[in-house]
Amino acid sequence: YKVVINKVATSKVAISKAAISKAVRSKLAFSQAILSLLLLFAISPLAATSDRGDLYQELQPGQRAQLTVLYVPAEGFAYTNLQGELTGVSVEIIRDFANWLQQQHNLRLQLNFVAETDWQRFYQRIVQAQGGVFGLGNVTITEPRKQELAFSPPYLHNIAALISHQDIPALPAWPAFTEHFAALQPLAFSGTLHEQRINRLRDQYQPNALVHRVSSNPELLTKVASGQYYAYVDAYNYWRAREAGMPLRDHPIAAETGETFGFIMPHNNDWASLLEAFFSADGGYLNSARYWQLLTELLGPELAQLLLTTR
C-alpha cells in the first residue's frame, strides 16, 4: 500500500514538474515573442520619433523657442554655398520670419535645420510632426494636401515645363503630340503633380506606353537628357539644368502656370497665424524689395524675372 502511495505521489510530482516546465517554456516563448515585436516596432520607420518643435502657446516668458525646419536640398532654394553656409530662397525667407518675430513680437527663435533628401519621406515627416515644425520643399499648394497638413501663404509662383532632349523640335500644337513624341517614353517624379500631368498625357496620346518613374529631380533631368524620355519639371529646375549645359529644351505650348509653393506644417503647429501675419505685413512680403533681392541674388536675374512675371 505504501509503495502504491509512493508511486502515486512520485507520479504526481513528475506531472507537476512537467506542467510547471511547460508553463515556464510557454511564458518564455511568449516573452520572446513580445520582445521581438517590440524590437521590430522600434526599428520600424513608422515607429520613429516624430519631429518636434516648441508650441507658441506653451512658451514661457523669456524662453527661446526651438523650431525644427526640415528641408529638401535644392539649388537656389536650400543648399550649402561655397562658404559652407546653408542658404537659399526658402531658407532666407524662414530666417526673415524669425527676425520679424523678434522685432515685432519680442520672440527669440532657434531654427534647427534638418536635411531630408527623399521628398516623399520629407512630406510624411511633416504630416506626422508635432508642434513647431516647418517644411521647405517647394510643395505645391493643393486642396487634397490641405487635408493632410497646413500651408503658409504662397512664397513662389511656379511654372511647370514639359521638357525633352534639345534635338526634339518644339511641339507646334497638341494634335501633333503623338507623332512628335513617338520615339520618347513618358517619365515622372513619383508622388508629385508632375506625375499626374504625365499620366494625363500618356492616357490621351500614348495609351499603351509605360510611365517610367524616378524619385529625384537630378535623376529625372539626367534621363531626359539621354534622349529617351519626356517629362514635366519645375521651371527653375529646367533653367538650372540648361545653365549647367544639359542638352534639354522645353515646349512652351505645354507650360502650365497658376501653381504656388508654400511652406508646410503639421496641423498642430500653432505658429501658422504668425507666419500668415509675416507674409501680409507692410504691403506683403512678396511685394517687398527684400523678396526681389533674394530671388535675384539666389536664382539669378533672368530666372527671377521669369518667376516674378508669372504672378
Student: Are any non-hydrogen side-chain atoms of Met265 and Leu275 less than 4.5 angstrom apart?
Tutor: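 Contact flag for Met265/Leu275 side chains = yes.
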
Student: Do you know which two heavy atoms are closest between Ala241 and Leu248, and how far apart they sit?
Tutor: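 Taking Ala241 first and Leu248 second, the nearest heavy atoms are CB-CD1, 3.7 Å.
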
Student: Please report the C-alpha distance between Thr140 and Thr260 in whole Å, then the side-chain angles of each, then the deciding distance to 0.1 Å, and finally whether the side chain to side chain contact (heavy atoms under 4.5 Å, CB included) criterion is met.
Tutor: CA-CA 6 Å; Thr140 303; Thr260 54; 6.0 Å; no

Student: I'd like to know whether CG of Asp282 has more than 12 heavy-atom contacts from other residues, nucleotides or ligands below 6.0 angstrom.
Tutor: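 No, the 6.0 Å shell around CG holds no more than 12 heavy atoms from other groups.
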
Student: Provide the closest heavy-atom pair for Leu308 versus Tyr291 in the form atom of the first, atom of the second, distance.
Tutor: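 Looking at all heavy atoms of both residues, the closest pair is CD2-CE2, 3.8 Å.
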
Student: I want to check something: taking the side chain as every heavy atom from C-beta on, are Phe113 and Ile94 in contact at a cut-off of under 4.5 Å?
Tutor: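 With C-beta onward as the side chain, the pair touches.
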
Student: Excluding sequence neighbours, so at least two apart, what forms salt bridge (Lys or Arg N to Asp or Glu O under 4.0 Å) with Arg121?
Tutor: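 Arg121 satisfies salt bridge (Lys or Arg N to Asp or Glu O under 4.0 Å) with Glu116 once adjacent residues are dropped.
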
Student: Flag yes if Phe279 and Leu156 sit in one hydrophobic cluster, no otherwise; membership is Ile, Leu, Val, Met, Phe, Trp, Tyr, and two members link when side-chain heavy atoms are under 4.5 Å apart.
Tutor: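 Phe279 and Leu156: one cluster.
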
Student: With a 4.5 Å heavy-atom cut-off, do Asp203 and Arg200 have their side chains touching?
Tutor: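 Heavy-atom side-chain distance check fails, nothing below 4.5 Å.
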
Student: Rounded at 0.5 Å granularity, tell me how far CZ in Arg240 sits from CG in Asn217.
Tutor: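 Output value for this atom pair is 13.0 Å.
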
Student: Kindly say whether Phe263 contributes a backbone atom to a donor-acceptor pair with the side chain of Ser152 at under 3.5 angstrom?
Tutor: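 Checked: pair present.
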
Student: What do the steps show when you test Glu92 against Thr87 for side chain to side chain contact (heavy atoms under 4.5 Å, CB included), and what is the final call?
Tutor: CA-CA 6 Å; Glu92 298 306 330; Thr87 188; 2.9 Å; yes

Student: So, for Ala98 and Leu111, which heavy atoms are closest and what is the spacing to 0.1 Å?
Tutor: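 Closest approach of Ala98 to Leu111: CB-CD1, 3.9 Å.
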
Student: Is a side-chain N or O of Tyr238 found less than 3.5 angstrom from the main chain of Asp250, in a donor-acceptor match?
Tutor: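 The answer is yes, because a donor-acceptor pair under 3.5 Å joins these two groups.
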
Student: Give, for atom CG of Asn158 and atom CZ of Phe261, the distance between the pair rounded to the nearest 0.5 Å.
Tutor: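 Taking CG in Asn158 and CZ in Phe261, the distance rounds to 3.5 Å.
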
Student: How close do Pro266 and Ala129 get, heavy atom to heavy atom, and via which atoms?
Tutor: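 Distance-wise, the nearest heavy atoms are CB-O, 3.4 Å.
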
Student: Is there a donor-acceptor contact under 3.5 Å from the side chain of Thr257 to the main chain of Ile159?
Tutor: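 Flag not set: sc Thr257 to bb Ile159 has no pair under 3.5 Å.
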
Student: Would you say that more than 12 heavy atoms from the other residues, nucleotides or ligands in this model lie under 6.0 Å from the CG of Asn106, or not?
Tutor: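 Counting other residues, nucleotides and ligands, CG of Asn106 stays at 12 neighbours or fewer.
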
Student: State whether the side chain of Arg213 and the backbone N or O of Leu187 hold a donor-acceptor pair below 3.5 Å, judged by distance alone.
Tutor: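 No, the answer is negative, given that no donor and acceptor are paired below the 3.5 Å cut-off.
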
Student: Short question: side chain of Asp234, backbone of Asn237 - any donor-acceptor pair under 3.5 Å?
Tutor: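 Side chain of Asp234 to backbone of Asn237, a donor-acceptor pair under 3.5 Å: no, none is there.
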
Student: Can you tell me how far the OH atom of Tyr123 sits from the OG1 atom of Thr192, to the nearest 0.5 Å?
Tutor: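 With rounding to 0.5 Å, OH (Tyr123) is 12.0 Å from OG1 (Thr192).
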
Student: Parallel, tilted or perpendicular, judged at 30° and 60°: which one describes the rings of Phe97 and Trp100?
Tutor: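 It falls in the parallel class, under 30°.
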
Student: My understanding is that only residues two or more places apart in sequence, or in another chain, count here; which of them pass ring-ring contact (aromatic ring centres under 6.0 Å, His included) with His157?
Tutor: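 So His157 forms no ring-ring contact (aromatic ring centres under 6.0 Å, His included) with any residue.
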
Student: Tell me whether Ser280 contacts the main-chain N or O of Ala277 through its side chain, where contact means a donor paired with an acceptor under 3.5 Å.
Tutor: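 At least one qualifying donor-acceptor pair exists.
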
Student: Which distance, rounded to the nearest 0.5 Å, do you find between the CG of Asp54 and the CD of Gln60?
Tutor: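 Reported to 0.5 Å precision, the distance equals 10.5 Å.
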
Student: With clusters defined by side-chain heavy atoms of hydrophobic residues (ILVMFWY) lying less than 4.5 Å apart, directly or transitively, does Val233 cluster with Tyr79?
Tutor: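 No, separate clusters.
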
Student: Set out, in order, the CA-CA distance, both residues' side-chain angles and the distance that settles side chain to side chain contact (heavy atoms under 4.5 Å, CB included) for Leu101 and Leu274, then state yes or no.
Tutor: CA-CA 8 Å; Leu101 285 173; Leu274 288 168; 4.0 Å; yes

Student: Is there a path of hydrophobic side-chain contacts, each under 4.5 Å between heavy atoms, that joins Ile141 and Tyr285?
Tutor: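 Result: no, two separate clusters.
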
Student: Using a 4.5 Å cut-off on heavy atoms from C-beta on, say whether the side chain of Val139 contacts that of Arg145.
Tutor: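 Of all side-chain heavy-atom pairs linking Val139 with Arg145, at least one is under 4.5 Å.
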
Student: What residues, two or more places apart in sequence or in another chain, satisfy ring-ring contact (aromatic ring centres under 6.0 Å, His included) together with Tyr236?
Tutor: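 Only Phe77 meet the ring-ring contact (aromatic ring centres under 6.0 Å, His included) criterion with Tyr236.
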
Student: Can you name the salt bridge (Lys or Arg N to Asp or Glu O under 4.0 Å) partners of Lys146, sequence neighbours left out?
Tutor: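 So Lys146 forms a salt bridge (Lys or Arg N to Asp or Glu O under 4.0 Å) with Glu143.
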
Student: Which atom pair, heavy atoms only, marks the closest approach of His194 to Ala160?
Tutor: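 Here His194 and Ala160 meet closest at CE1-CB, 3.6 Å.
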
Student: Is the backbone N or O of Pro169 less than 3.5 Å from a side-chain atom of His180, with the two atoms forming a donor-acceptor pair by type?
Tutor: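 Confirmed, His180 side chain pairs with Pro169 backbone.
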
Student: Are Val91 and Leu109 in one and the same hydrophobic cluster, where Ile, Leu, Val, Met, Phe, Trp and Tyr link if side-chain heavy atoms are under 4.5 Å apart?
Tutor: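 Both belong to a single hydrophobic cluster.
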
Student: How about CD on Glu85, more than 12 heavy atoms from neighbouring residues, nucleotides or ligands closer than 6.0 Å, or not?
Tutor: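 Count over threshold, so yes.
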
Student: Which distance, rounded to the nearest 0.5 Å, do you find between the CD of Gln124 and the CG of Leu149?
Tutor: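 One gets 8.5 Å once the value is rounded to the nearest 0.5 Å.
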
Student: Between His251 and Ser164, is there a side-chain donor-acceptor contact under 3.5 Å, judged purely by atom types and distance?
Tutor: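 Per modelled atom types, Ser164 and His251 side chains form a pair under 3.5 Å.
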
Student: Has the side chain of His105 got a donor or acceptor atom that lies under 3.5 Å from a matching backbone atom of Leu107?
Tutor: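 Such a contact is absent between His105 side chain and Leu107 backbone.
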
Student: Just by distance, with hydrogens left out, do Tyr71 and Asn138 show a side-chain donor and acceptor under 3.5 Å apart?
Tutor: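 Short answer, no.
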
Student: Would you mind listing every side chain to side chain donor-acceptor pair (under 3.5 Å) that reaches into residues 268-277, with sequence neighbours excluded?
Tutor: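 Pairs touching residues 268-277 that pass the test: Gln130-Asn268.
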
Student: Is there a side-chain contact between Ile93 and Leu294 (heavy atoms, below 4.5 Å)?
Tutor: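 Yes, at least one pair of side-chain atoms sits under 4.5 Å.
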
Student: Nearest heavy-atom pair of Gln63 and Glu58: which atoms, and what distance?
Tutor: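 What the structure gives for the nearest pair is OE1-O, 4.1 Å.
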
Student: Is the backbone of Leu193 close enough, under 3.5 Å, to the side chain of Gln196 for a donor and an acceptor to pair up by distance?
Tutor: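 Side chain of Gln196 to backbone of Leu193: no pair is present.
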
Student: A quick test of your reading: do over 12 heavy atoms of other residues, nucleotides or ligands sit less than 6.0 Å from CD of Glu219?
Tutor: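 Correct, the count exceeds 12.
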
Student: Quick one: does any side-chain atom of Trp119 pair with a main-chain N or O of Ser216 as donor and acceptor, under 3.5 Å?
Tutor: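 The answer is no, because no donor-acceptor pair under 3.5 Å joins these two groups.
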
Student: Working to the nearest 0.5 Å, report the span between CZ of Arg108 and CZ of Arg64.
Tutor: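 Reported value, rounded in 0.5 Å steps: 4.5 Å.
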
Student: Does the pair Met246 and Leu221 meet the rule for a side chain to side chain contact (heavy atoms under 4.5 Å, CB included), with working shown?
Tutor: CA-CA 8 Å; Met246 297 187 79; Leu221 293 166; 4.0 Å; yes

Student: List, by chain and number, the other hydrophobic cluster members for Ile168, where Ile, Leu, Val, Met, Phe, Trp and Tyr join if side-chain heavy atoms come within less than 4.5 Å, directly or indirectly.
Tutor: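 Traced through the cluster, Ile168 reaches Leu162, Leu171, Trp174, Phe177, Phe181, Leu184, Ile198, Leu201, Tyr205, Val211, Tyr230, Tyr232, Ile253.
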
